[in-house]
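Accompanying notes for the structure given below.
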Number of protein chains: 2
Amino acid sequence: MKALKIPEATIVRLSVYSRFLEQVDKKGIVTISSGEIAEGVGVSPAQVRKDLAYFGEFGTRGVGYNVKDLLRHTLKILGLNARWPAVVVGAGNLGSALVSYRGFRERGFDIVGVFDNDLTKIGKRLMELEVMATEKIEQIVKQHNVKIGILTVPASSAKDAANLLINAGVKAILNFAPIVLSVPADVEVRDIDLSTRLEILTFHLCLKEMM
Amino acid sequence: MKALKIPEATIVRLSVYSRFLEQVDKKGIVTISSGEIAEGVGVSPAQVRKDLAYFGEFGTRGVGYNVKDLLRHTLKILGLNARWPAVVVGAGNLGSALVSYRGFRERGFDIVGVFDNDLTKIGKRLMELEVMATEKIEQIVKQHNVKIGILTVPASSAKDAANLLINAGVKAILNFAPIVLSVPADVEVRDIDLSTRLEILTFHLCLKEMM
DNA sequence: CTCACATCGTGATATAATTAACATTTAGGA
DNA sequence: TCCTAAATGTTAATTATATCACGATGTGAG
């Protein structure tokens with residue numbers, strides 16, 4: 001396993017491959033080629049092989065990949081051989097939706113705490129959880145050894161919320177607030193900016209209109 | 001305005017710039033340099049100038065950019081000089097959250113319809129809207145000339161839902177379902193895969209653990 | 001056993017994106 | 001008016017990513 005720098009796009013595709021392999025495995029298929037994976041997820045066969053090559057040799061020349069093996073390897077690479085506890089800060093519409101989002105649980109993520117500092121929200125039940133005051137973040141994060149925080153607060157309180165998470169020991173933040181968080185070097189942040197995603201689409205719609 | 005191929009990353013950054021400029025404008029600041037924008041959004045000054053250069057010359061050498069002017073230009077480039085009607089298919093937790101998401105409205109997007117084929121959800125009120133059967137998609141899309149669809153249905157029904165949207169005339173889809181949609185060439189799709197986003201984080205958490 | 005075929009892993013090549021460097025232009029003061 | 005400082009727009013260099021092409025290896029038929 002080479003310790004080279006791995007493109008983020010490779011990680012994203014690896015996640016897609018692994019989910020595709022889960023489907024394939026469920027169908028009882030034992031072996032699969034890079035071409036079939038490529039077909040299934042909409043990339044080139046060479047891309048599939050290149051992505052996998054960053055992490056080792058998982059296939060057999062002339063044959064292909066063993067589905068179960070490759071699935072296990074991809075999950076391992078992504079760190080999904082264990083479950084990950086996570087907390088959500090911001091119990092608005094989006095935060096509440098994420099607490100109940102089944103997709104997270106299916107991929108190994110367990111939401112173990114939801115926080116807000118809006119008094120009208122504290123105490124509200126979401127699934128088996130109860131919304132807590134943000135002062136409780138530290139306690140819960142330490143108790144469950146949480147490394148992942150999901151930020152669904154308004155932009156104006158995102159910086160504060162992020163600091164609470166980081167001080168409590170969180171090392172990775174999924175940020176839905178449309179602002180740039182500045183965090184220590186040992187904390188990973190990825191943004192999901194919903195409006196920006198739509199704006200990519202409007203940009204392309206306009207481009208086409210002009211032609 | 002050069003008709004060159006523009007990197008998607010440039011569009012994403014343009015969206016970020018424009019939101020940053022809104023803040024700056026609100027503070028009453030009249031002029032800004034590429035360096036200050038860069039500082040504010042966490043990229044390099046050269047990157048800011050390069051991104052803008054794809055679309056024209058908006059600054060004055062030795063001076064910088066007029067904030068209001070540049071804001072107007074960036075919004076125009078993204079197609080945000082007009083409002084965009086959009087529909088949401090899938091009235092589960094995520095879909096419901098997006099209907100009420102204020103960030104969309106603030107950036108010019110109006111949700112004009114929410115659909116589901118779950119009878120227990122049809123008729124439910126979300127904001128000023130009422131969840132409708134998916135058979136109504138075509139009617140609403142045509143009535144409001146909707147070009148943008150947001151897909152928040154489970155993976156298993158995503159393909160069907162996408163087809164309903166496309167047949168009704170939608171040309172751009174924001175897909176939250178964790179599957180690869182295959183669509184006609186004149187339809188733009190962008191995926192937001194929430195689990196994948198978390199998996200990027202777990203990958204990096206594991207990487208660090210190893211070192 | 002050998003051959004034809006399928007398919008991987010990878011080094012070489014091509015393409016794309018970012019960063020750096022700089023010539024050019026403007027503002028403002030002596 | 002001329003000089004300095006600031007900051008753009010743009011070309012060139014660098015770095016990163018994706019594609020291609022092919023040698024290597026395993027399978028199965030004859």
Side-chain angles (χ1 to χ4, degrees), chain A residues 1-17 20-21 24 29-71 73-74 77 180 200 203, chain B residues 1-17 20-21 24 29-71 73-74 77 180 200 203-204 207:
Chain A
M1 191 186 294
K2 301 166 211 161
L4 285 151
K5 228 195 93 228
I6 289 140
E8 179 119 339
T10 290
I11 307 305
V12 171
R13 285 189 297 263
L14 226 45
S15 167
V16 175
Y17 301 159
F20 177 69
L21 289 169
V24 171
I29 295 166
V30 175
T31 301
I32 195 166
S33 69
S34 59
E36 290 166 314
I37 297 172
E39 169 90 29
V41 306
V43 302
S44 73
Q47 183 79 80
V48 173
R49 296 199 300 275
K50 201 65 205 274
D51 285 336
L52 295 173
Y54 281 108
F55 302 98
E57 305 191 4
F58 307 117
T60 312
R61 294 172 191 221
V63 181
Y65 304 90
N66 176 280
V67 174
K68 276 191 200 303
D69 263 10
L70 188 56
L71 173 56
H73 277 119
T74 52
I77 292 164
V180 180
I200 295 169
F203 171 78
Chain B
M1 191 185 296
K2 301 165 210 159
L4 287 149
K5 228 194 93 229
I6 289 139
E8 180 118 337
T10 290
I11 308 304
V12 171
R13 284 189 298 262
L14 226 45
S15 167
V16 175
Y17 301 159
F20 177 69
L21 290 168
V24 171
I29 294 166
V30 176
T31 302
I32 195 167
S33 69
S34 60
E36 291 166 315
I37 297 172
E39 170 89 31
V41 305
V43 302
S44 73
Q47 182 80 81
V48 173
R49 297 200 298 275
K50 195 84 211 253
D51 286 336
L52 295 173
Y54 282 108
F55 302 99
E57 305 189 4
F58 306 118
T60 312
R61 292 172 192 220
V63 181
Y65 304 91
N66 176 280
V67 174
K68 276 191 200 303
D69 263 12
L70 188 57
L71 173 56
H73 277 120
T74 52
I77 292 164
V180 181
I200 294 169
F203 170 78
H204 284 286
L207 259 196

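Note on naming: letters A, B, ... go to the chains in the order of the sequence lines (proteins, then strands), and numbering restarts at 1 for each one.
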Query raised in the report: Which part of the nucleic acid, if any, lies within reach of A:Ser34 when heavy atoms closer than 4.0 Å are counted: base, sugar-phosphate only, or nothing?
Result: sugar-phosphate
Side-chain N or O of [X] versus OP1/OP2 of [N]: is the shortest distance under 4.0 Å?
| X | N | value |
| --- | --- | --- |
| B:Tyr65 | D:dG9 | yes |
| A:Gln47 | D:dT19 | yes |
| B:Arg13 | C:dT18 | yes |
| A:Thr60 | C:dC8 | no |
| A:Arg61 | D:dA24 | no |

Report summary line: Comparing A:Gly62 with A:Glu57, nearest DNA chain C nucleotide closer to 5' gives the residue A:Gly62
Report task. Could you tell me whether the side chain of A:Leu21 reaches within less than 4.5 Å of the side chain of A:Tyr65, counting heavy atoms only? Result -> no
Requested in this report: Might you point out which heavy atoms bring A:Phe58 and A:Leu52 nearest each other, and give the distance in Å?
Outcome: CE1-O, 3.6 Å
Report task. Identify the two heavy atoms, one from B:Ile6 and one from B:Tyr54, that lie closest to each other, and give their separation to 0.1 Å. Result -> CG1-CD2, 3.9 Å
Query raised in the report: Between B:Tyr54 (OH) and D:dT10 (P), how many Å, whole number?
Result: 13 Å
Query raised in the report: Rounding to a whole Å, what distance do you find between B:Lys50:NZ and C:dT19:C1'?
Result: 9 Å
